[in-house]
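In what follows, every chain begins at residue 1, and chains take the letters A, B, ... in the order their sequences are listed.
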Amino acid sequence: MPRPKSLRRQSPLRADRAPSANGTVMLDDRSLSAKFILHGRPDDAAFTRAVASALGLELPGVNHTAGSERTLLWLAPREWLLVAATGEEDGMAQLLTTAGIIHADISDGWACIRLSGSNALDVLKKSTPLHVHPRVFLLGHCARTRFVQAAVLLHRVAETTYDLYCERSYADYLWRWLADAAQEFA
Amino acid sequence: MLLIACPHCGPRAEIEFRCAGQSHIATPADPGSLSDADWADYLYYRNNPKGMQYERWQHVYGCRQWFNVARDTVTHEIKAVYPLGTPRPEGLA
Amino acid sequence: MSEQDYRLPAGGRIDRSRTLSFTFNSRRYQGYAGDTLASALLANGVRMLARSFKYHRPRGLLGAGVEEPNAFVQLGSGARQTPNALATQIELYPDLAAYSQNCWPAVGFDLGAWTNTIAALLPAGFYYKTFMWPAQLWRVYEHLIRRAAGEGQAPTRPDPDRYEHRWEQVDIAVIGGGPAGLAAALTAARSGARVLLADESSEFGGRLLSEQTEIDGRPALDWVAATLAELATFPDIIRLPRTTAFGYHDHQFLTLLERVCEHLGPHAPPRLPRQRLWQVRAQQVILATGALERPLVFPDNDRPGVMLASAAQTYLNRYAVRPGTTVVIVTNNDSAYPTALELAAQGVTVAAIADLRPEPGGWAERAEAEGLTVLPAHAVTAVQGYRRVRGVTVTPLHDSGQRLGGERRVVACDTLLCAGGWNPTVHLYSQAGGKLRYDETLACLRPDTARPGLSVVGAANGVFDLASCLAEGFAAGQSAARLCGLRAANRTIPSATPTPDPTPYPLWQTPAGQRDKCFVDLHNDVTANDLRLAVREGYVSVEHLKRYTTAGMGIDQGKTGNVNALALLAAARGEPITAVGTTTFRPPYTPVAFGAVAGRQVGELYAPVRKTPLTDWHAAHGAVFEPTGLWRRPLVYPHPGEQHAAAVRRECLAVRQGVALLDSSTLGKIDLQGRDVLTLLNRVYSNAWDSLAIGRCRYGLMLGEDGMPFDDGVTARLGENHYLLMTTSGGAARVYGWLEAWLQGEWPDLDVCMTSVTTHWASLALIGPKAREVLAALGTDIDLTPAAFPHLSVRSGKVMGIPARVLRVSFTGEVSYEINVPAGYATTVWEALMTAGHALAITPLGLEALDILRAEKGYLLIGKDTDGAVTPHDLGMSGLVSKRKDFFIGQRSLARSDALRRDRRQLVGLLSDDPQAVIPEGAYIVAEVTSRPPMPLIGHVTSTCFSPTLNRSIALALLKNGHARLGERVAIPLPDKVMVARITEPRFYDPEGIRLHA
């Protein structure tokens, strides 16, 4: 039974978008995507085959990601985050269950803020001790880190574009922090 | 602030980790056979060496994995990072 | 006096096209862009800037930079004022306003100066001697002393400025932008390294900015400019002027303070931070922190007009300011001679150069050839003048400086420059754990042992010759680049003007009398006699001496005084300086504002506020919030005009008689899947889990290895190998970490996959006898009849068409449906429930009412009704301790002899004799009431309230041997009365639990 279309799923964030005064830092809310934690052993051939056939993706290694429309992000030696388009929550759950992949739906549990712009890197450097130099934290890399006072999964999706995943309850804090950090760039 | 080489994620700042103190404390196979004093010793008594300390750390803000660290408590130099359940590396002290 | 009388007509690194007006002690002056407050005041002939710490003696400028011990001023006013700002480091900006500290009513007429007349009563350690008795009066003394002695005033209003933090990782960090640092940075950059170069000054160049030296036959500043220009061509080089590296921490981690906008004062763009704290990790660190000149120790060496020769050179060359009209120079080495010649060339009268050395050598000859008077083996033995130097007395030295004799002569002058040798700036090196050695020749402490990842170059390393500094810098840059795995760039070492020999004549103090004030630490007003007195009193350890005399303490941390103090201590002990050792150098090198440490983590960003999907709804509906961990949860929802207590009562009665709705989304929820989840549950909970059927829930107590419960909650079995474990709101992270630690550390063989789904599921608890009616009205495919959906069970289905997990669990004793829906739908479902329950007077339920409702049922709050020394048996929950299991965490501890004692503190209920009187929370229960304390304690009240349902007060308590004393009475002494209460079972309402199963 599909979810009723008439009911709107709410993001934890009240604003969709916040640019800095000069536009060199941009925030976008991307919280409503479908998100699952997948559990398995990378040395378990049945598991890797199931992932490949169900999702068409190779399991990414440490701090790497795979895919674009559906993305797998490495979280831990036996954990990955699967991100898919909004509305795919139920279908994806069915697909994973059928494929026998142990998973948990966290579509509503994690928020995602896209941080972009020519000063995005400066905003990161105000917030995390992670080595985010573009020569080190490459395109497609991901890392879980301490981001001010929150736990954040950082994913570099383009040259100066980063997706920041955090627990839903921290989304408002993180958004305020980022918007405040962007004030320097006006 | 220490720079700790997480065995999975690589070098990260100390504030991403937590330390749970002394490692290599074997859980008694049969706690019921221990005297109260021996049980208290297992539960509460820890070493506080000046020099090489073997301790458990968890990458709580990263991959959340536990691992062992051999750290000199005088210089804070980290001599080795090695998995839980493996013995102390030889010849560090 | 007309404006800027002491300014040279040309030269200096100031911008004469930009005249800046400023005030000092409310008087207006003019200076130029590029001036410091100190140089601008000096240009205006202002000599007296401050009063000293203890004796309130007039003080002027001793230094020209970070070493200055006197000229701390109060900068700005109102919320923006900065105490203890160093005039030598404050860059002038338009309309700057600064004030002298530590004087009242004014620096020129300071009532505190009376302390100078009673100086004999203020010897070393006077704190400890004078104010010891009677001890109670210390509070009064302290107040007066703190006001008389002093530093600046802290602002009383919130700081309006922004402070930023920045994390950075570089290959090579170079601290200090003098010749050695620039050479190192240039080589590192040419080798392809990512370099950070920081210097505390507004300009790079270090001492080269103060001197008239040449590199490769051209002015040294041309080389500086060329080097900076080349550095600018590398894209990945971070150059930070106005940045002080103040801390060197483990693993090459540096903390630096960048003064981003301070030099603009209130004219700074508001978007920019005032300061930025850099937290930098470098693979290699090169310290090129330079050296600071030492003053000489002689009577009244603190008068305004007594200045370091190196500072005079800085004022002359960098700021184009004459330090005075007529100067006398006293020196123990060659380094003051260029200053003398440069001063003379600018028309300053150099009346005499008193050189402590019997045979001063080549530089002295050169000075004499230029027509200057050099007096070999002469010392300054007196300084004339109080508010400013008017002349000095010079006296011949005999017997290697141990004796004075011969013709004393008084030389009129307005300025006395002293040059006592150089102290390498080893603070950061020492913070890094580096050991120092005393160099007998240079008479200074210099770096000794190598530290991994760190090299020290130039004057900081005790190398003073310019060409050698450059060579060391280039070599260190190459070596650091190689250690970073790069190919080091070639170097060509430039030639440079030879640097005068800084080897000092080792005379640490001019012979002086008992009553003479020869200052060692000007900042703390510590004299040579103070040090000797302290040693006579037995304070012979350098750490004791420091604390007893305060030498080297405070804001200035002994930048000019420390080595002199060590030498005098060594002399007093009759030992070599090496034997004395040094005090520990600790961060920060210079003061750091609290604002910079806090950064932007202030105000609403001080700490995260975790929000449930319903937090905004609660706020919009008048909830009073209470912080619980990082969450803020509704305490009560008063109607407009409704009293707090009335609202709580209304919410309680709604639960017992109607229906209420609670946001329990903060409860921790852990999704457990895998073949071995059951095994895990049996090990981490004290009760047994084998019989839990799919679709059922069970309450569990989670014990530490010490046998004491640290969390509790319900676990639901969702499928064959699928469970949902729930924790308390505050314990969620701890329980998750606890399970991880056991699974990874002890039981890696268990097949368990754990996911925190706390924030995915919003939990809406619909509670009360009418709850079923409301949920049914909302529309669900779950059969709600009690037979199909009994207490302690879980059903998955749809509510309003939304996927939901509904649990029948209760923390109030009433029928309760905890409706879990994906958080994005929480508000929709919540509002629908409020609408559906409107006719039944549904109310949102706050924590305060919930606390009463659970206390009525005797349900525990772990951490409130328990502490770290309460077992499940003490709680009357022995039924939750399995006797059949081989193992569970905490099992062994419950068998300790102490855990088996019968007279342990146990959880009981208390009903006060006066049913309307509420026993205060935390009140002590005593065995016997006596007329005054102490009374033997036998327990304390853990939870207490007035129960609207029972219309009487109730309480829970931990009471010694409580389980055996049911029905007895106990006394609770309070400040104004003694309450008496009857001991009961800790269940006051529906003890059989009939309502739960309705």
Side-chain angles (χ1 to χ4, degrees), chain A residues 1-4 6-12 14 20-21 31-32 35-40 78-79 89-90 93 102-111 122 124-133 135-136 148-150 166-174 176-177 180-181 183-186, chain C residues 162 164-170 194 236 269-273 276 279 281 599-601 603-613 615-616 630-631 665-666 669 671 673-674 721-722 752-762 781 798 800-803 821-829:
Chain A
M1 185 164 93
R3 302 184 187 194
S6 57
L7 297 184
R8 200 169 63 88
R9 213 171 122 233
Q10 282 184 325
S11 163
R14 277 171 290 183
S20 65
S31 297
L32 290 179
K35 295 177 278 303
F36 293 83
I37 306 282
L38 311 189
H39 295 270
R78 295 180 193 177
E79 273 180 48
E89 303 86 51
D90 296 337
I102 293 183
H103 64 277
D105 185 354
I106 52 145
S107 303
D108 292 60
W110 285 22
D122 296 296
L124 292 183
K125 287 184 173 188
K126 292 181 184 200
S127 316
T128 172
L130 189 72
H131 199 343
V132 288
H133 191 281
R135 281 203 313 246
V136 175
V148 207
Q149 296 181 48
C166 68
E167 279 200 309
R168 180 188 190 98
S169 56
Y170 285 92
D172 179 65
Y173 164 75
L174 191 61
R176 284 171 197 257
W177 171 266
D180 190 59
Q183 278 192 25
E184 184 178 346
F185 311 106
Chain C
R162 286 170 74 85
E164 288 283 359
H165 285 183
R166 188 175 173 100
W167 300 90
E168 199 61 70
Q169 291 84 7
V170 295
R194 185 167 150 72
D236 224 6
R271 67 184 178 84
L272 289 181
R276 182 179 281 120
Q279 293 166 280
R281 181 86 62 181
R600 285 187 301 107
Q601 295 178 60
E604 67 172 19
L605 294 171
Y606 172 70
V609 174
R610 296 184 70 182
K611 292 173 72 173
T612 80
T615 303
D616 291 343
L630 292 176
W631 302 97
S665 303
T666 58
K669 295 174 275 293
D671 182 276
Q673 300 181 60
N721 292 321
H722 193 186
V752 176
C753 298
M754 246 191 351
T755 313
S756 169
V757 292
T758 302
T759 51
H760 177 72
W761 296 100
D781 57 359
K798 300 269 176 167
M800 297 173 70
I802 297 161
V821 292
Y825 296 108
T827 309
T828 303
V829 176

Take A:S169 and C:R610 through the test side chain to side chain donor-acceptor pair (under 3.5 Å) and record every step on the way to the result. CA-CA 5 Å; A:S169 56; C:R610 296 184 70 182; 2.9 Å; yes

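Taking both residues in full, the closest heavy atoms of C:M754 and A:E79 are given as O-OE2, 4.2 Å, listed atom of the first, atom of the second, then distance. Here the closest non-hydrogen pair linking A:D105 and C:V757 is O-CG1, 4.3 Å.
Residues C:S756 and A:E167 form a side-chain contact, since some pair of their non-hydrogen atoms from C-beta on lies under 4.5 Å apart. Contact check for A:Y170 versus C:L630: side-chain heavy atoms found under the 4.5 Å cut-off. Between C:Q169 and A:V136 there is no side-chain heavy-atom pair separated by less than 4.5 Å. Annotation: side chain of A:V148 is not in contact with side chain of C:H165 (no heavy-atom distance under 4.5 Å). Between A:D122 and C:R166 the shortest side-chain heavy-atom distance falls below 4.5 Å. Considering only heavy atoms from C-beta on, A:D180 comes within 4.5 Å of C:R162 through its side chain. For the pair A:Y173 and C:K611, the minimum side-chain heavy-atom distance is 4.5 Å or more. The side-chain heavy atoms of C:Q279 and A:P129, taken from C-beta on, include no pair separated by under 4.5 Å.
In this structure, the portion of A:I37 lying under 4.5 Å from any heavy atom of chain C is its side chain and not its backbone. With a 4.5 angstrom heavy-atom cutoff, A:S127 touches chain C only via backbone atoms. For a residue to count as touching a neighbouring chain, one of its non-hydrogen atoms must lie under 4.5 Å from one of that chain's; by this rule A:T128 touches chain C with the backbone only. Of the atoms belonging to A:L32, not a single heavy atom falls under 4.5 Å from chain C. With a 4.5 Å cut-off on non-hydrogen atoms, C:W761 does not touch chain A at all. For C:A607, the parts lying under 4.5 angstrom from a heavy atom of chain A are both the backbone and the side chain. Only the side chain of A:H133 comes within contact range of chain C, with heavy atoms under 4.5 Å apart. Heavy-atom distances place both the backbone and the side chain of C:Q601 under 4.5 Å from chain A. Both the backbone and the side chain of A:A181 come within contact range of chain C, each with at least one heavy atom under 4.5 Å from a heavy atom of that chain. Residue contact with chain A, scored on non-hydrogen atoms closer than 4.5 Å, involves the side chain of C:R194 exclusively. Using a 4.5 Å cut-off between heavy atoms, C:T612 does not touch chain A at all.
A salt bridge between C:R276 and A:E184 is present, with a side-chain N of the basic residue lying under 4.0 Å from a carboxylate O of the acidic one.
Taking CG from A:L124 and CH2 from C:W167, the interatomic distance works out to 13.5 Å, rounded to the nearest 0.5 Å. Going from atom OG1 of C:T755 over to atom CG of A:L38 covers 9.5 Å, rounded to the nearest 0.5 Å. Here CG of C:L605 is found 9.0 Å from CD of A:Q149. Values are rounded to the nearest 0.5 Å. Taking CZ of A:R8 as the reference point, atom OH of C:Y825 lies at 11.0 Å (rounded to 0.5 Å). Note that CD1 of A:I102 is 9.5 Å distant from CG of C:D671, once rounded to the nearest 0.5 Å.
In terms of heavy-atom pairs under 4.5 Å with chain A, the best-connected choice from C:T615, C:D616, C:T827 is C:D616. Most heavy-atom pairs under 4.5 Å with chain C: of the set A:P12, A:S107, A:A150, this distinction falls to A:S107. When each of C:P273, C:P822, C:P608 is scored by its heavy-atom pairs under 4.5 Å with chain A, the top score falls to C:P608.
Using modelled atom types, one side-chain atom of C:H760 and one backbone atom of A:D108 make a donor-acceptor pair closer than 3.5 Å. The backbone N or O of C:A826 sits nowhere less than 3.5 Å from a side-chain atom of A:Q10 that would complete a donor-acceptor pair.
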